[in-house]
Protein chains: 2
Amino acid sequence: MSSYDLKKEVTDKYSLRGRVFNRLREDILSGKYKENEELKEVAIGEELGVSRTPVREAFRQLELEGLIQIVPNKGAYVTGITAKDVKDIYMIRSSLEGMCARLATENITLEQLEELEENVYLASFHASKGHMEQMTELDNRFHHILYEACNSKMLENLLQDFHQYVIRIRKKTLSTKERGIASNEEHRQIMEAIKAKNPQEAERLATLHMNNAYDNMVKNGLYDIYKKED
Amino acid sequence: MSSYDLKKEVTDKYSLRGRVFNRLREDILSGKYKENEELKEVAIGEELGVSRTPVREAFRQLELEGLIQIVPNKGAYVTGITAKDVKDIYMIRSSLEGMCARLATENITLEQLEELEENVYLASFHASKGHMEQMTELDNRFHHILYEACNSKMLENLLQDFHQYVIRIRKKTLSTKERGIASNEEHRQIMEAIKAKNPQEAERLATLHMNNAYDNMVKNGLYDIYKKED
DNA sequence: TCTTGTATAATTGTATACAATAGCTCCTGT
DNA sequence: ACAGGAGCTATTGTATACAATTATACAAGA
């Protein structure tokens with residue numbers, strides 16, 4: 001399981017356009033296409049064995065997803081993420097994740113709560129071992145469960161949309177075993193607050209969790225952001 | 001000036017695709033195309049004098065904007081907004097508008113602040129006269145100034161994206177002269193808090209402003225929402 | 001009457017041909 | 001030397017032809 005298959009599939013997976021879209025998103029998020037790299041319609045089409053038409057339609061969608069920028073009559077370029085963007089993303093997420101945790105407290109099902117508990121339990125093992133890849137998976141899943149549990153398609157989709165940024169930000173930063181352990185403890189507290197049916201506390205902790213994640217990045221100077229502001 | 005020209009122009013305005021996109025968005029927001037109505041590629045193309053290609057590309061973008069839903073091999077349908085959606089939208093907006101007002105307090109320019117003051121002053125006149133159309137324009141502009149002033153492209157774009165929902169929600173609800181007057185007073189308070197460089201108060205008031213707007217809708221039972229939840 | 005199969009039409013999905021635009025090379029004139 | 005432009009090339013923008021899929025109508029059979 002890849003680390004970014006949680007993103008909602010907005011497009012028809014089985015059409016050529018859908019396949020191009022998903023493939024390009026994957027390639028951009030995985031870093032195959034670097035920031036500011038130009039994507040050419042024919043080249044992409046030939047690589048995937050399709051004509052320009054589905055490629056162009058996929059481009060239009062990727063543009064609205066924020067992954068590429070299309071300059072009329074010139075070309076499509078992979079967008080960059082600035083340090084300011086990262087800051088704003090975490091600021092917005094801290095608020096929305098808090099809201100999500102609050103709503104989840106009131107709407108979570110028993111099954112979801114159990115999966116959350118299992119997730120935290122399993123993550124504590126991998127955190128202590130320093131298994132970063134598994135931690136990433138479990139972190140994604142933890143938040144994804146909350147998105148589903150908040151009972152708001154609007155909020156769920158919005159937070160899902162931020163996921164592509166999270167993936168790209170992770171590529172630019174280092175995550176340490178220490179942060180993994182701390183993060184796991186924060187997840188545990190959020191889960192306990194939800195289990196205790198304390199929405200205010202769940203919201204507070206989820207917001208704090210995002211702020212801590214951001215502060216940790218800044219404190220350790222782990223940025224590797226080269227693109228300048230426009 | 002139409003009431004929904006504040007939306008960011010993500011697409012090339014002067015390409016056929018851009019023209020189709022903007023025209024279709026306008027027509028959906030204005031209510032020309034009703035909820036759940038099917039949009040046919042050839043019909044749209046003939047109406048605008050273009051081939052199916054730019055129409056299809058515009059469709060793909062409108063899908064990601066949330067204005068239409070594309071069912072593979074079937075067609076494109078105008079999306080509906082449920083009462084639950086409206087609730088969620090205002091909940092999310094109340095948080096984000098608060099954040100925006102807080103940031104705007106710290107980043108607003110003198111020119112923007114002056115336009116804000118002028119906006120509030122002019123709106124108080126139209127509010128007292130019950131000029132609803134002008135009120136709508138000035139309300140859009142008031143919030144748009146704050147979006148620009150918050151100095152966060154991420155947040156600005158996000159709040160702009162919500163604008164299309166606001167327009168469609170307004171179509172479904174009635175706004176009264178009384179609410180116009182109250183709203184104008186709330187705008188004035190937000191503006192004063194920003195002018196006084198009090199970010200906490202600006203955030204609190206902006207959040208309250210959204211909650212009041214929603215409560216007012218609910219209290220007056222002004223919903224005209226017919227689409228059922230899926 | 002209801003179901004089901006089939007032919008037909010309507011519509012979307014994709015490939016390709018052609019048009020328009022941007023960028024580059026290289027030539028020319030001063 | 002160098003500014004500027006003609007012309008070529010590469011690339012995107014659009015239209016159209018064809019393929020695949022879905023909806024519809026209608027008839028046959030239970």
Side-chain angles (χ1 to χ4, degrees), chain A residues 9-28 32-80 230, chain B residues 8-28 32-79 230:
Chain A
E9 302 291 333
V10 290
T11 115
D12 177 15
K13 265 171 98 161
Y14 302 104
S15 65
L16 294 187
R17 167 183 61 88
R19 295 220 308 267
V20 172
F21 178 89
N22 289 321
R23 171 66 179 274
L24 283 176
R25 181 171 62 192
E26 191 173 331
D27 285 347
I28 291 172
K32 177 176 171 185
Y33 299 121
K34 311 294 183 206
E35 292 188 358
N36 303 314
E37 184 168 345
E38 183 171 359
L39 301 181
K40 307 226 174 98
E41 295 173 358
V42 280
I44 303 290
E46 279 174 8
E47 188 175 336
L48 303 181
V50 301
S51 74
R52 285 174 58 215
T53 306
V55 174
R56 283 177 61 83
E57 293 184 2
F59 275 18
R60 300 300 173 234
Q61 297 202 289
L62 289 164
E63 183 187 27
L64 282 208
E65 288 261 308
L67 285 167
I68 66 174
Q69 185 182 358
I70 297 175
V71 180
N73 287 311
K74 282 197 61 184
Y77 303 87
V78 178
T79 55
D230 308 40
Chain B
K8 69 170 191 275
E9 302 291 331
V10 291
T11 114
D12 176 16
K13 265 170 99 162
Y14 303 104
S15 65
L16 293 188
R17 168 184 62 87
R19 295 219 310 264
V20 172
F21 178 88
N22 289 321
R23 173 65 180 275
L24 282 177
R25 181 170 62 193
E26 191 174 330
D27 284 347
I28 291 171
K32 177 177 171 185
Y33 298 120
K34 310 294 182 207
E35 293 190 356
N36 302 314
E37 184 168 345
E38 185 171 359
L39 301 181
K40 307 235 173 88
E41 294 172 357
V42 280
I44 303 291
E46 280 174 6
E47 189 175 335
L48 303 182
V50 301
S51 75
R52 285 174 57 215
T53 305
V55 174
R56 282 177 62 82
E57 293 184 2
F59 275 16
R60 300 298 174 240
Q61 296 200 291
L62 289 164
E63 183 187 26
L64 282 208
E65 287 262 307
L67 285 168
I68 67 174
Q69 185 182 358
I70 296 174
V71 180
N73 288 309
K74 282 196 62 184
Y77 304 87
V78 178
T79 55
D230 306 40

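In this text, all values refer to a predicted model and were calculated from it rather than measured experimentally. Because only heavy atoms are used, hydrogens play no part in the values below, and waters and symmetry mates are left out as well, while side chains stay in. Proteins get letters first, then strands, A, B, ... in listed order; numbering begins at 1 in each.
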Does B:Lys74 have any side chain to side chain donor-acceptor pair (under 3.5 Å) partners at least two apart in sequence or in another chain, and if so, which? none

Separation of C:dA15 atom P from A:Leu48 atom CG, nearest Å, is 11 Å

Side-chain N or O of B:Thr53 versus OP1/OP2 of D:dT14: is the shortest distance under 4.0 Å? no

Partners meeting salt bridge (Lys or Arg N to Asp or Glu O under 4.0 Å) with B:Arg60 (sequence neighbours left out): A:Glu57

Who are the side chain to side chain contact (heavy atoms under 4.5 Å, CB included) partners of A:Glu37, not counting sequence neighbours? A:Tyr33, A:Lys34, A:Val78

With A:Lys40 via side chain to side chain contact (heavy atoms under 4.5 Å, CB included) - residues at least two apart: A:Glu38, A:Ala43

Going by salt bridge (Lys or Arg N to Asp or Glu O under 4.0 Å), name the residues that satisfy it together with A:Glu46, two or more places apart in sequence or in a different chain. none

Readout for nucleotides 8-13 of chain D: B = base within 4.0 Å of protein heavy atom, S = sugar-phosphate only, - = neither; 5' to 3' it is ---SBB

